[in-house]
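To keep things clear, I will list the structure first and then write my remarks on it.
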2 protein chains.
Amino acid sequence: MITKPPTLDDVAQAAGVSAATISRCINTPDRVAESTRLRIQAAIDALGYTPNFGGRALATRRTNIIGAVIPSMANSVFAGGIQAFQEVLAREKVTLLIGSSNYDPDYEFEQIQTLISHGADGMLLVGSKRPERTQQFLISRRIPTLNIWCYRADSDQLYVGFDNHRAGQDVAKLVLDYGHKAVAIVSGICDGNDRAADRLAGMTSVLDVPAYGAQTVMVHQTKYSFDHAAKAFDTVIAQSPRPTAILAGNDVLAAGMTQRAKALGFSVPDDVSITGFDDIALAQFVDPGLTTVRVPQVQMGHRAAEELLAEIREPGSGRSVELLTHIIKRGSLGPPAQG
Amino acid sequence: MITKPPTLDDVAQAAGVSAATISRCINTPDRVAESTRLRIQAAIDALGYTPNFGGRALATRRTNIIGAVIPSMANSVFAGGIQAFQEVLAREKVTLLIGSSNYDPDYEFEQIQTLISHGADGMLLVGSKRPERTQQFLISRRIPTLNIWCYRADSDQLYVGFDNHRAGQDVAKLVLDYGHKAVAIVSGICDGNDRAADRLAGMTSVLDVPAYGAQTVMVHQTKYSFDHAAKAFDTVIAQSPRPTAILAGNDVLAAGMTQRAKALGFSVPDDVSITGFDDIALAQFVDPGLTTVRVPQVQMGHRAAEELLAEIREPGSGRSVELLTHIIKRGSLGPPAQG
DNA sequence: CAGAATATTGCAAGCGCTTGCATTACGATT
DNA sequence: AATCGTAATGCAAGCGCTTGCAATATTCTG
């Protein structure tokens with residue numbers, strides 16, 4: 001027996017009131033008399049009624065769906081933040097429509113379009129810079145949007161994140177403090193990835209200060225994968241002078257390089273120090289543990305959800321918030337071998 | 001200037017045709033003459049038109065949204081599979097509405113309801129057993145549903161996964177082959193988690209075979225977190241006889257225990273062997289690498305998407321598929337110390 | 001070139017729900 | 001008891017899109 005799901009009218013009929021009353025009973029129970037409310041509730045339960053999503057979306061111009069497109073779900077970099085984000089949404093009966101961009105701006109645009117065409121009331125995006133057409137699209141559609149994993153004070157957009165540039169500087173300073181003079185950087189691919197670019201810029205801005213007397217042996221960009229990290233290590237370690245420290249753009253790269261270094265017989269940190277970025281779970285399991293930058297993922301997810309929700313409910317009410325990172329010292333960074 | 005987004009009628013007006021033709025041009029381009037199609041396309045581009053989601057959903061009774069409820073997004077266990085799942089959906093312009101259950105059946109039910117009330121055309125769920133009311137709800141709503149991370153031949157439901165029980169047996173056998181006689185199991189919490197329960201049952205079904213002359217020192221259930229794993233290790237290692245091998249219910253537990261073991265001065269695998277389950281990225285970075293069960297995550301995600309999509313487009317056409325696991329040997333499992 | 005077949009397009013009736021406005025019911029006030 | 005204020009409900013007009021059917025235009029066929 002293929003019965004169509006019950007509609008508002010069916011319930012109305014069953015309860016002996018008008019459809020409008022049913023609707024009110026569901027959305028604004030206070031505006032309905034106690035007695036009828038009970039009767040209606042009984043009818044709803046009896047029929048197993050659930051509001052039709054399309055009808056409701058059409059009438060209210062609201063879906064209670066928020067879209068998020070993150071660079072990747074495969075590595076756990078974004079998982080924690082998204083989980084936190086989703087927790088807050090769930091509490092508000094808002095759900096999360098998810099897309100991933102694979103770090104490709106074009107693909108990101110495509111995903112954004114898809115999510116929006118699927119009714120997203122708002123968007124969560126990672127990073128701050130994106131192609132003009134993407135920005136235009138978001139603006140023209142008037143979709144409240146919030147960016148995470150970065151922070152910009154000088155922008156009219158909404159951010160809940162941290163300063164990648166400064167964090168990059170922090171690691172670089174720490175490495176110099178340890179006395180390293182020959183340093184290499186293995187960064188993520190900066191094209192289309194402002195976080196990677198900012199981190200890298202922060203690092204070089206410190207390393208290149210002549211007064212420190214350090215030398216940036218090489219800056220190498222590669223994809224965030226263990227395999228690419230291993231290859232990057234091979235390239236970088238073959239430079240001359242050989243770097244005594246390698247700053248990685250994130251923990252995936254740092255972990256991959258550490259593993260490769262050990263496989264090649266290098267001791268970390270005695271022969272070469274390696275630092276990471278993000279402090280994903282992996283960082284503490286790599287041996288030696290990764291000295292890295294801890295990113296306030298959970299907090300970021302929570303705040304992002306709150307602010308984005310606020311912005312959606314009342315445009316203009318969302319606030320940007322800057323979070324702080326701090327360095328977690330583990331064993332992968334040490335002083336360079338004596339000369 | 002707050003302009004409302006353009007509607008079908010606006011485009012129709014602009015292109016000088018009826019709304020119906022625009023609709024066809026978007027959904028079934030072949031049924032529209034080349035010339036008008038171009039004209040319409042131009043109008044669409046000029047106005048920046050995008051179909052309204054609610055209207056479309058209402059008219060077609062289709063949202064092209066699939067819901068997925070996974071136990072957790074925080075650890076990377078499910079990330080790879082979901083990523084793969086999403087890739088296939090994206091290709092079909094279907095999007096993913098996501099919820100997480102935190103391994104709690106009640107919360108899972110709640111999430112399922114939310115996702116469905118948000119219009120999900122189909123559901124992806126993890127595991128096979130769930131409370132009666134959840135099943136009933138799914139059935140009464142006629143929501144095509146597919147279960148992953150497990151496989152049951154004897155069911156009328158759809159599965160794309162593997163046999164946790166058999167995989168559990170495999171690890172247990174391997175451990176016995178190495179000569180271990182005193183074995184402990186640290187499992188995930190089985191209540192409400194059939195995968196954990198199946199794995200555990202598989203393990204004990206082998207360990208308890210008298211002929212092997214082995215003894216299950218202890219079976220301990222705990223949450224999937226590094227901290228809980230560390231505590232579990234403390235408990236288990238204090239048993240008498242002290243186990244020479246610990247079988248973990250997943251890699252998070254195995255990694256956490258390995259780390260704890262080393263912190264306490266135990267050598268892995270010389271003092272105690274540890275095996276994992278899932279082969280998440282972490283497994284190869286733990287030192288020693290985790291001997292574990294590799295789960296075909298990506299394949300699972302892809303096939304799940306294909307079958308669920310098939311089932312949605314034509315009920316009855318989705319197929320269950322059983323995938324195979326295999327053991328990855330790394331250093332964490334070795335023979336027990338001599339007597 | 002007439003007649004038939006086919007390709008294009010338009011008409012209009014929904015899809016299920018919300019909501020401003022109008023109506024009715026019910027007490028409370030004087 | 002007449003008047004008034006408020007609470008509860010109903011009416012009906014959309015919200016934007018799809019689609020069966022009908023009307024018209026175009027292309028074939030012999």
Side-chain angles (χ1 to χ4, degrees), chain A residues 2-41 43-44 47-65 93 116-121 141-142, chain B residues 2-41 43-44 47-65 93 116-121 141-142:
Chain A
I2 303 206
T3 15
K4 278 188 6 179
T7 71
L8 246 205
D9 286 317
D10 296 333
V11 182
Q13 190 117 25
V17 292
S18 75
T21 303
I22 311 286
S23 176
R24 289 196 193 90
C25 180
I26 292 174
N27 301 303
T28 50
D30 330 322
R31 308 190 101 27
V32 172
E34 170 89 29
S35 59
T36 46
R37 197 187 318 155
L38 292 173
R39 197 147 35 91
I40 290 174
Q41 193 52 55
I44 288 180
L47 295 180
Y49 170 77
T50 327
N52 170 292
F53 179 68
R56 179 179 280 209
L58 186 53
T60 61
R61 293 103 177 296
R62 249 308 158 74
T63 57
N64 278 323
I65 288 178
K93 297 289 182 196
I116 289 181
S117 78
H118 280 76
D121 288 336
R141 284 277 168 296
R142 292 193 182 64
Chain B
I2 301 205
T3 14
K4 280 191 358 180
T7 70
L8 246 205
D9 285 318
D10 296 334
V11 182
Q13 190 117 25
V17 292
S18 74
T21 302
I22 310 286
S23 175
R24 288 196 195 91
C25 179
I26 292 174
N27 302 302
T28 50
D30 329 324
R31 308 189 99 29
V32 173
E34 170 90 29
S35 58
T36 45
R37 197 187 318 155
L38 292 173
R39 194 147 35 90
I40 290 175
Q41 192 54 54
I44 288 180
L47 296 179
Y49 170 76
T50 329
N52 170 290
F53 178 67
R56 182 181 283 215
L58 186 54
T60 60
R61 292 100 178 299
R62 230 345 135 68
T63 58
N64 277 322
I65 287 178
K93 296 289 182 196
I116 288 181
S117 78
H118 280 75
D121 288 336
R141 283 278 168 297
R142 292 193 183 64

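All chains are named by letter (A, B, ...) in the order of the sequence lines, taking the proteins before the strands, and each is independently numbered beginning at 1. What you see is a predicted model, and the numbers here were worked out from it, not measured in a lab.
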Atom [atom1] of [X] to atom [atom2] of [N]: distance rounded to whole Å?
X: B/Ile40; N: C/dT8; atom1: CD1; atom2: C1'; value: 11 Å
X: B/Arg31; N: D/dT24; atom1: CZ; atom2: P; value: 20 Å
X: B/Leu8; N: C/dT9; atom1: CG; atom2: C1'; value: 15 Å
X: A/Ile26; N: C/dG16; atom1: CD1; atom2: P; value: 14 Å
X: B/Phe53; N: D/dT18; atom1: CZ; atom2: C1'; value: 15 Å
X: A/Arg62; N: C/dT19; atom1: CZ; atom2: P; value: 11 Å
X: A/Arg37; N: D/dA7; atom1: CZ; atom2: C1'; value: 13 Å
X: A/Leu47; N: C/dG16; atom1: CG; atom2: P; value: 14 Å

Are the side chain of [X] and the backbone of [Y] linked by a donor-acceptor contact shorter than 3.5 Å?
X: A/Arg141; Y: B/Gly48; result: yes
X: A/Ser23; Y: A/Ala19; result: no
X: B/His118; Y: A/Asn64; result: yes
X: A/Asp121; Y: A/Arg62; result: no

It should be established whether [X] places a side-chain nitrogen or oxygen under 4.0 Å from OP1 or OP2 of nucleotide [N].
X: B/Thr21; N: C/dG10; answer: yes
X: B/Ser23; N: D/dT18; answer: yes
X: A/Asn27; N: C/dT18; answer: yes

Seminar exercise, completed: CD1 of B/Ile22 to OH of B/Tyr49, rounded to nearest 0.5 Å, is 8.5 Å
Sugar-phosphate, base or nothing in reach of [X], heavy atoms under 4.0 Å:
X: B/Asp30; result: sugar-phosphate
X: A/Thr60; result: sugar-phosphate
X: B/Ala20; result: base

For this session: Please tell me which of the listed nucleotides, D/dA8, C/dT18, D/dC21, lies nearest to the side chain of B/Arg24?
Result: D/dC21
Problem set entry | Options C/dC17, C/dG20, D/dC17, nucleotide nearest the side-chain atoms of B/Asn52 | D/dC17
Exercise. Has the side chain of B/Arg56 got a donor or acceptor atom sitting under 3.5 Å from an opposite partner on the base of C/dG16?
Worked result: no
For this session: Record whether the side chain of A/Arg61 comes under 3.5 Å of the base of D/dG16 through a donor-acceptor pair of N or O atoms.
Result: no
Exercise. Where each residue is assigned the nucleotide of DNA chain C containing its nearest heavy atom, which of B/Val32 and B/Leu58 is assigned the position nearer the 5′ end?
Worked result: B/Val32
Problem set entry | Contact nearer the 5' end of DNA chain C, comparing B/Val17 with A/Pro6 | B/Val17
